[in-house]
Each structure stands twice: as C-alpha cells, then as structure tokens.
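Here is the naming used below: chain letters follow the sequence lines, and residue numbers restart at 1 for every chain.
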Protein chains: 2
Amino acid sequence: MNITIKDVAKAANVSVATVSRVLNKKTNVSDEAVQAVNRAVEELGYSPNFLGRDLRKSETKRILAIIASTEHSFYSEVLRGMQDAAYTQGYDVLIATTRDDPEHEMHLLNMLFSKAVDGAVLLAPKLDSKTISELAKKYHLAMCLERLEGCEILCVTIDNEQAGYDATKLLIGKGRKRIGLITTKVRSQSSIDRENGYKRALRDAGLPLDEELIYYGDYSYDSGFKGCEELMRLKTRPDAVFSISDTISIGAMTYAIRNGINVGKDVLFFGFDNISYSHMFIPRLSTVEQPCYLQGKTVIERLISNMKAEDPDRSTIMLPHSLILRESTGDSTY
Amino acid sequence: MNITIKDVAKAANVSVATVSRVLNKKTNVSDEAVQAVNRAVEELGYSPNFLGRDLRKSETKRILAIIASTEHSFYSEVLRGMQDAAYTQGYDVLIATTRDDPEHEMHLLNMLFSKAVDGAVLLAPKLDSKTISELAKKYHLAMCLERLEGCEILCVTIDNEQAGYDATKLLIGKGRKRIGLITTKVRSQSSIDRENGYKRALRDAGLPLDEELIYYGDYSYDSGFKGCEELMRLKTRPDAVFSISDTISIGAMTYAIRNGINVGKDVLFFGFDNISYSHMFIPRLSTVEQPCYLQGKTVIERLISNMKAEDPDRSTIMLPHSLILRESTGDSTY
DNA sequence: TTGCCTATTGAAAACGTTTTACTTTTGTTG
DNA sequence: CAACAAAAGTAAAACGTTTTCAATAGGCAA
C-alpha cells in the first residue's frame, strides 16, 4: 500500500542506502544515481516517512508552542516571531492550546517527554513553578511572556512591574490623584507584577494606597465593564483607571462612555498589550506595548541554541516595553 | 542516556513485551508483573517514545489544523470545537499557520504525507481546488469554514451566498435603497459567495446593481475605513454598508463616526462573523453569526469517521447561520 | 501418571528510516 | 602495468516501540 524507500530503491536499481543519501543530499553518490533516484521518487510519488526518520535521528525539527487559547489575537505576533526564528533554522512551530487546564498542559508536554517534538515553549503556564523548574532540567523547555517566581528556566518576557509603574506614573504626571486599578483575581505573575508596579508608583508619588480602588475580576471585557461600574460608584470617583489588559480596559471605557463620562478628560484610561482593537476603539486607547514579535523570536533563538549547548541557559531575559499615548489619556497622537 | 522500554524491562525483571502489554493495558498479564512494571516506570521516570510507537502502529492520534494565522480570534471557537471532538476520541489537535503562503501550506501538508499526523483540516486554503482535490484522494484531508469550487473533499461550512443574501435583504427590509458592499480583492470563495448573495438580494428586490457601490480592499480594519471613505464620497451616498467581515465593518463604522455620520440611522452597517469585538464596539455591530464551534466539531467527527471507513465521505456540509441585530442597524437588542 | 487446556511469558520480527562498516569500482600516479 | 587512493556502492545494524508466534508453567480431569 504505502511506498517506502525500498520501493524507490528497487525502481531506481540502487540500494536503500543510496536512496537515503540522495534524499539527504549527501556526497559520494554519482550523478546517474541521483537522477535515477529522483526519477523513481517522482514516478512513485514517494515521500519519506518522518516517523522512521525522526526515530533514527532522534530529532524531529519541531517545536511546540503551548498557549491558553487562540482567542487573544495578542499571541499572534509572538507566534510569528517564533516561527520566523524557527523557520530560518529549519524548525517548524506547532501550536497547541491548554484551555487553562493544568492537566491538559501536562498532557501536551507529554509530546516533549516522548520525543514527538524537540522542544516546547510555555506562553501561559498553569502548572506551578516547582513542577516546571523540574521539567526544565530534563527537557528543552522555555517560557515566554509570562515568568514564574523562582522558576529556573529560560524565560523571555518584559519587566511587567516596571511597565505597571510607568503607566501609573504617566497618569500621575497628568495630575491624577485617585487612580483605579482593574486586575484579575487569578494571580498570574504578570498581573501581580503590574499591580506591584502600580502600587510602587503611588508610593513614590506620595499618594495614598486605597484598596477600594482596586477591582479584582477576570481577563474579560465584561469584567472591565463591571469593574469600572464599581469604581464609578465610589463616594469619590477615580479620575483615572489603569487596567492590566486592553480587553478589560475597553470594557471599562465602554461603561464610562455609556454613562456619560468624558473619557480622556474626566477620567483617563490606560490599558496593556496594545492589541489591534485598542486603536480601533473610539476613543483610541492608551496602552503599554510589549515587543511581541521580538519576544517570540528571542525565545526560539535561545531555545534552539540551548538544544545544541551542553550547558543550557536558564536565565530570564527582559525586553523593553513602551507606552503608547492615545485619546483615552487625552493625547491626540495616533 | 535515555530510558527506554528495555531499561524498564530489566528493572522489572520481565521481558520488553510484558512492559509493553502493561503500558497498553492489555490483559494476559499477571498482577505481580503489572506492579513490578509500574514500579519500575515510576522509579526510572520512564515515558515511552512516541516515535517508536507511532512508527510501529503507523498512527499518531494527532490531527493538524492549518490556519492562516492566529490573528483572527474568530478561529478560536472553531478550534475549540475541533479539539473537543478530537479529544473525546483520543486524538490531539495541533495547529500550524500558513501565513497566507501556498508554499508554506504545502510544506505543512508534508506532515500529513509523511505520517507525522493522521489527518489535516484546512481552514483557509491558499492552494488551488485541483491540487487539494488530488490530495484529498490520497490522504485524510478536510476543509472547514471555506469551501472551494469543484473541490472533492470533505468540507464543513455555511451557505455564505445565502448569508450574504439574508444580510442584504434585511437592510433592504429596513427601507435602504443604496447599499454599499465592502469586500476583498483577493477572491476567497466565501467572499465571492457573500458578494453573490448581496447581488441576488438586490436583483430580487428590483434594485439596480451599481458597481460604484462595491469596494474591493483586504480583510483589515484600515481597508474598511478606506472603503467607507470612498463610498461616502460618491455623489449619492449609500444608506447602508454590508462588509464581508466584522473587522472591515468596524473600520467602516469608525470612518463614519469620525465624520459625523449617524450610524444606525443615516447609514446602517452590517458585518460578518460575530467576532467578540463586534459587540464591544460602540455602537454595537449587527452581523452574521456562523456556528463556529459546531463547524469545528463536525469536521473532526467526520474526518475521524473517514479515517476508519473504507469509503470516505467527500461531501460538503452546510450548517445554518443566523443574523444578529444590534445598534448599527438601529436595533437595540443586545 | 498422563494428557490437555489456559493463562502468562518471552524471543524475535516488523515498522521506515539513517548510518556504520565494509566491498567494489574507478582513476591516478610512479 | 602495478599499486594505491578515492569514489561509489552495499548489507546490515540501529533507533524504540508493538505484535506475532511459540514456549512454558500451572491446573485439572481422566
């Protein structure tokens, strides 16, 4: 039924080894042999079985990117960076989704343990730091976007604490004294870091830290909407709202607009991630931009280099972020 | 270096065959053997090499979903449906992106030819109908969301022509006489179908087909913005605009709003896909909803059933769509 | 005791490659 | 023309599993 290298060898009147050499562009094979083999491959419509090849070579030239879901277009650029970096070195990137389930995450990592891929990158780990640390010792595993406290693993991310600080400080610089924060109940390290940055900025500016001003929800638009509603119902309203993601921030702004609040004037809004919709929304959202493409590219480059090295790099690399000022903070820049 | 089944066998004092039987939960193996093997597996931290296993069984229990990119969150639900269906049958779904490059699409399909996956689903084919038809004869290949004229392959989609018709007819029903269409220059079958539906609705209503009212751009927000600008500059403006995607429609509405047009009153807007942002935008966008989850679920169920069948199903299945009316057509429904 | 059946086990083949180790052919040089 | 090196080829081992086939052991009836 299936055409194997043996069939090609027979058709080309050479040995199996010769076929293999031709296919792998090795030297030590005559022009006639090359031609005969190529003709046979063509005629038979042969394509080599990767399982056999990969087993023998014990490498697959494939890397698995593990994300939570493809819902957040935010990942798209990161993955593009990963693919570009991988592709130039002859690797393919496959994507799989955990759907926020740590068990499923472990199931996917099985592909790594069982050599179905050469390496893996976690973009939204649900497993705990210790477990991942342990795995990173044995396998070619890395993290991107999200770091984990005390986790010894190659990790490429941004300084989320500093980014939270910068965003908050910018709002303070615009004369705001009561700044709300909408974050998540589920504590990913990035949201913890961003929250810490927010708090440090308040401290540095001598502003009081009012726990009332912090709303804990989830990553959704609806949560942003709800969070803003709660904040606006306080005796003394906030005059600015920093959200740890753009989607949340858009939800928050929506509440404000629907309730007659002048966004960018009465209340300033600041998001995080610079997703494409943040500049499509009216008014355009000011936000923190991460170097998505670069993070993806970097993590793959390092991971592949780790795969060749005897002594793998398990450090955390923080790439620079930047602030993008738009209408929601009263700036008119595009 | 690596722990293989042999090491486990040695440690458990049984043969390799017995270990394999225990691992695969076969009968005909004594309790003692089971325990000894499990203990050894535990102690050595053994996990079976899938390459060996898959080669021997010549099946991987993996299916590849090939999309253009993860940028459009629209795919997310489809993939979720695919994964649910696959997972209940013991399959995993891997995702790979073509980045709109037919050559790269072929490269990814290589994983299918070379048995690295058992089947594949194309969600945004760039290859031509004939090529895909040919491949579908030899491999377990299916399509989802997008059909291809004259392509003999298992395909799960919606009736895009009818959907385009329905949306346009709705606008006509609201008394609109000059309806603009913003579509794409690159002719995917779905956009052709939607455009045809638009035209049929005009014909059926006895409205003239004015080529001026059709703008050909790409799938982006910017293209929608630009398209709307062109349409609004016509001597006689359209009183409604149908776009073949929500992102385009949001771009179009943005132009309108920024230029003082009363959206939902002066001009109605209709999108396509019901992406999450379509109800976050202000005003909320009326749109065509596709059964994303169901399409994904269905295509995988059929594909897996094809993998077991002698005579595979190569028909096109069209699932029902529906209209969602929101503020952009003057409806107040959520 | 003998014979037979069943439950468990193990040795070895098989899956499709690549690669090693060895043989044959070709070509060059003195 | 002998000697030898280089080039081109082959057979077989190896990768890590599963599965086939045969063998062993144990139980039980006669």
Side-chain angles (χ1 to χ4, degrees), chain A residues 1-38 40-41 44-62 90 110-118 139, chain B residues 1-38 40-41 44-62 90 110-118 139:
Chain A
M1 177 68 216
N2 269 321
I3 299 143
T4 76
I5 197 172
K6 277 188 196 165
D7 303 319
V8 176
K10 201 168 294 173
N13 241 331
V14 295
S15 77
V16 163
T18 302
V19 177
S20 176
R21 275 193 288 259
V22 171
L23 260 40
N24 294 287
K25 311 217 187 304
K26 290 273 172 58
T27 54
N28 289 346
V29 43
S30 67
D31 284 355
E32 314 152 46
V34 171
Q35 303 213 345
V37 168
N38 283 336
V41 165
L44 299 176
Y46 167 75
S47 66
N49 183 314
F50 280 176
L51 297 172
R53 167 183 300 187
D54 295 346
L55 173 60
R56 175 59 225 235
K57 297 182 121 175
S58 54
E59 77 170 354
T60 63
K61 291 280 181 179
R62 263 169 249 134
N110 232 11
M111 289 188 60
L112 183 59
F113 311 154
S114 53
K115 315 280 184 215
V117 292
D118 295 345
Y139 302 99
Chain B
M1 178 69 217
N2 270 319
I3 299 141
T4 76
I5 197 172
K6 276 189 196 165
D7 303 318
V8 177
K10 201 168 293 174
N13 240 332
V14 295
S15 77
V16 163
T18 301
V19 177
S20 175
R21 277 192 284 258
V22 171
L23 260 40
N24 293 288
K25 312 220 186 302
K26 290 274 172 57
T27 54
N28 290 346
V29 44
S30 66
D31 285 355
E32 315 151 46
V34 171
Q35 303 213 344
V37 168
N38 284 336
V41 165
L44 298 177
Y46 167 74
S47 65
N49 182 314
F50 280 177
L51 296 171
R53 168 182 299 186
D54 294 347
L55 173 60
R56 175 59 223 233
K57 298 182 123 175
S58 54
E59 78 170 354
T60 63
K61 291 278 182 182
R62 264 169 250 135
N110 233 11
M111 288 188 61
L112 182 59
F113 311 153
S114 53
K115 315 280 186 218
V117 293
D118 295 345
Y139 302 101

Exercise. Once you round to the nearest 0.5 Å, how far does OH of B:Tyr46 lie from CD1 of B:Ile5?
Worked result: 4.5 Å

For this session: Starting at CG of B:Asp118, measure out to OH of B:Tyr139 and round the result to the nearest 0.5 Å.
Result: 13.5 Å

Exercise. Can you tell which of B:Val8, B:Asn38, B:Val14, B:Val41 makes a side-chain contact (heavy atoms from CB on, under 4.5 Å) with B:Val22?
Worked result: B:Asn38

Roughly how many Å is it from [atom1] in [X] to [atom2] in [N], rounded to a whole number?
X: B:Asp54; N: C:dT17; atom1: CG; atom2: P; result: 15 Å
X: B:Leu23; N: C:dT9; atom1: CG; atom2: P; result: 15 Å
X: A:Asn2; N: C:dC15; atom1: CG; atom2: C1'; result: 11 Å
X: A:Ile5; N: D:dA13; atom1: CD1; atom2: C1'; result: 15 Å

Seminar exercise, completed: By nearest-nucleotide position on DNA chain C, the 5'-leaning member of B:Asn13 and A:Ser20 is B:Asn13

Seminar exercise, completed: Per-nucleotide protein contact along nucleotides 20-25 of chain D, 5' to 3', at a 4.0 Å heavy-atom cut-off (B base, S sugar-phosphate only, - neither), is ------

Contact class for [X] (heavy atom, under 4.0 Å): base, sugar-phosphate, or nothing?
X: B:Leu51; value: nothing
X: B:Asn24; value: sugar-phosphate
X: B:Val14; value: sugar-phosphate

Problem set entry | Sequence-distant partners of A:Arg62, salt bridge (charged side-chain N to carboxylate O under 4.0 Å, His left out), two or more places apart | A:Asp54

For this session: Please list, chain by chain and in numerical order, all residues satisfying side-chain hydrogen bond (donor to acceptor under 3.5 Å, both in side chains) with A:Asn24, sequence neighbours excluded.
Result: A:Ser20

Exercise. For D:dG9, does OP1 or OP2 lie under 4.0 Å from any side-chain N or O of A:Ser30?
Worked result: yes

For this session: May I ask you to verify if any side-chain N or O of B:Thr4 is less than 4.0 angstrom from the OP1 or OP2 atom of D:dG16?
Result: no

